[in-house]
Amino acid sequence: MVSKEVIVNNKIGLHARPAALFVQTASKFLSKISIEKDGKKINGKSIMGVMALGVCQGDTIIIAASGEDEKKAVDDLENLLINKLEEEYI
């Protein structure tokens with residue numbers, strides 16, 4: 001298992017379109033992926049779960065993956081949150 005703490009900096013957090021992009025990216029991996037915020041852990045491949053977390057700008061989340069492509073999954077999802085989403089909403 002690989003996990004990483006990430007601060008979500010894009011202006012709208014993980015709501016609607018950013019949540020969909022996160023789930024689409026997570027779904028490309030074979031590993032089980034989860035997101036944790038304030039002790040609540042959800043399936044990172046579930047759009048309803050991601051949106052239900054209510055991740056806002058400035059929140060710290062933990063992305064975790066377990067499986068054969070776990071490291072790449074966590075790295076790619078971190079990159080999405082830090083670089084790609086921020087570029088879209090500047």
Side-chain angles (χ1 to χ4, degrees):
M1 178 188 252
V2 174
S3 65
K4 190 171 275 189
E5 206 171 84
V6 179
I7 297 173
V8 178
N9 288 319
N10 68 304
K11 293 177 185 171
I12 62 171
L14 280 182
H15 301 281
R17 188 159 181 235
L21 289 171
F22 185 94
V23 170
Q24 287 173 351
T25 303
S27 295
K28 294 177 183 178
F29 296 98
L30 298 173
S31 295
K32 290 177 114 180
I33 297 171
S34 65
I35 305 173
E36 184 176 342
K37 177 188 163 208
D38 298 332
K40 184 177 179 187
K41 186 185 276 191
I42 57 91
N43 177 353
K45 296 181 182 181
S46 164
I47 187 71
M48 296 305 289
V50 173
M51 291 181 68
L53 270 184
V55 178
C56 298
Q57 182 181 31
D59 286 346
T60 299
I61 61 172
I62 299 170
I63 303 169
S66 178
E68 61 187 71
D69 53 2
E70 60 192 23
K71 174 143 178 40
K72 181 153 177 46
V74 170
D75 288 346
D76 284 5
L77 291 167
E78 177 190 30
N79 182 52
L80 174 73
L81 291 174
I82 291 175
N83 298 315
K84 304 285 190 225
L85 293 181
E86 188 62 27
E87 290 169 5
E88 259 188 63
Y89 297 98
I90 290 179

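Atom CD1 of Ile42 sits about 7.5 Å away from atom OG of Ser34, to the nearest 0.5 Å. To the nearest 0.5 Å, atom CD of residue Gln24 and atom CD1 of residue Ile47 are 8.0 Å apart. In this structure, CG on Asn10 lies 10.0 Å from SG on Cys56, to the nearest 0.5 angstrom. From Ser31, atom OG reaches atom NZ of Lys71 across 12.5 Å, with rounding to the nearest 0.5 Å. Note that CG of Asp76 is 9.0 Å distant from CG of Leu80, once rounded to the nearest 0.5 Å. The line from CG of Leu77 to NZ of Lys72 is 10.0 Å long, rounded to the nearest 0.5 Å.
Here the side chain of His15 pairs a donor or acceptor atom with the backbone of Val55 at under 3.5 angstrom. Under the 3.5 Å distance criterion, the side-chain polar atoms of Glu78 are left unmatched by any main-chain donor or acceptor of Asp75. A donor-acceptor contact shorter than 3.5 Å links the side chain of Lys37 to the backbone of Gly54. Side chain of Gln57 to main chain of Gly13: no donor-acceptor pair is present (N/O by atom type, distance under 3.5 Å, no hydrogens or angles). A donor-acceptor contact shorter than 3.5 Å is absent between the side chain of Asp69 and the backbone of Phe29.
Val2 approaches Val74 most closely through the heavy-atom pair O-CG2, 3.5 Å. Across all non-hydrogen atoms, the minimal contact from Ile33 to Ala26 is CD1-O, 3.5 Å. Shortest non-hydrogen contact noted between Ala73 and Ala65 is CB-CB, 4.1 Å.
Looking at heavy atoms from C-beta onward, Leu81 lies in side-chain contact with Ile63 at the 4.5 angstrom threshold.
Checking each of Ile62, Val6, Ile61 against Ile35 for a side-chain contact (heavy atoms from CB on, under 4.5 Å) leaves exactly one that passes, namely Ile61.
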